[in-house]
Amino acid sequence: MNKKGVLVVVSGFSGAGKGTIMKQLLKEHPDTYGLSISATTRVPRPGEVHGREYFFVSREEFEQMIDKDELIEYAQYVGNYYGTPRNYVFSQLEQGKDVILEIEIQGARKVKENMPDAVLLFVSPPSAAELKRRLVERGTEREAVIASRLSRAWQEAQGVEDYDYFVINDDLEECVQKVHSIIQHEHARTMRNHALIENIKAELKSFAEGE
Ligand code: 5GP
């Protein structure tokens with residue numbers, strides 16, 4: 001099958017558990033996947049490390065990255081900038097890794113516009129009540145922030161149909177298996193295997209002509 005990696009965009013309501021799913025996916029298949037690390041102007045949550053969860057930068061630094069065209073896409077989310085650095089993504093795809101961008105919906109749309117062969121996957125909790133419970137339980141956000149994340153989730157729900165896949169995160173391990181299987185099946189698409197198909201056609205032609 002083809003050597004080039006698949007670009008995968010994963011979105012989901014804040015609190016859907018997509019971060020946990022992606023970490024588990026990488027843990028189980030470290031040689032298959034690369035997880036892009038975004039830049040953001042949001043302040044780090046307790047336990048978050050610069051260069052691991054995000055590159056935490058100032059607004060000025062972020063705007064410089066925009067000016068220098070260093071980002072594949074960027075968006076504002078609940079008052080902060082978030083963006084995907086270009087270099088890592090392209091180098092990993094060239095090396096044959098499937099690269100995962102864990103980004104919100106506006107960014108996902110921009111990626112699909114610029115790179116139509118990207119696979120868009122939306123992760124959802126089983127219900128809205130469960131989403132609220134997870135956000136409250138996480139305990140890292142003030143009440144006002146939880147309210148704005150829930151209202152943002154409602155807005156994002158309007159765009160779910162733009163995604164290629166919709167995955168429910170009820171049981172973590174099951175969800176990880178499903179996401180892995182979806183991405184690996186993508187490698188078999190004819191549109192990702194033009195070179196191989198052309199090779200086989202050329203060989204067959206020479207056999208046919210030799211007969
Ligand atoms: P959080 O503050 O909870 O880490 O992330 C808030 C939202 O920003 C999440 O939906 C997350 O997926 C999204 N996000 C993270 N990085 C990026 C990025 O590089 N670009 C865009 N467009 N969204 C991002």
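Whatever order the structure lists them in is the order used to number ligands and atoms, beginning at 1. Source: prediction; values computed, not measured. Counting from 1, the numbers follow the sequence of the chain as shown.
- The pair Glu156-Arg152 meets the salt-bridge criterion, since a charged nitrogen lies less than 4.0 angstrom from a carboxylate oxygen.
- Ion pair Lys112/Asp162 not flagged as a salt bridge, since none of the NZ, NE, NH1 or NH2 atoms sits closer than 4.0 Å to an Asp/Glu carboxylate oxygen.
- Going from atom CD1 of Ile103 over to atom OH of Tyr74 covers 13.5 Å, rounded to the nearest 0.5 Å.
- Between Arg42 and Glu48 there is a salt bridge, with a side-chain nitrogen of the basic residue lying less than 4.0 Å from a carboxylate oxygen of the acidic one.
- When heavy-atom distances to ligand 1 are checked against 4.0 Å, the residues falling inside are Lys18, Ser38, Arg42, Arg45, Tyr54, Glu73, Ala75, Tyr77, Tyr82, Gly83, Thr84, Glu102, Ile103, Glu104, Gly107, Arg149, ordered by chain and number.
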Apply the test side chain to side chain contact (heavy atoms under 4.5 Å, CB included) to residues Ile100 and Leu25: give CA-CA distance (whole Å), side-chain angles for both, the deciding distance (0.1 Å), then the verdict.
CA-CA 10 Å; Ile100 298 172; Leu25 192 64; 3.6 Å; yes
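- Geometrically, Lys18 does not engage Phe122 in a cation-pi contact, judged by NZ or CZ lying under 6.0 Å from the ring centre and within 45° of the ring axis.
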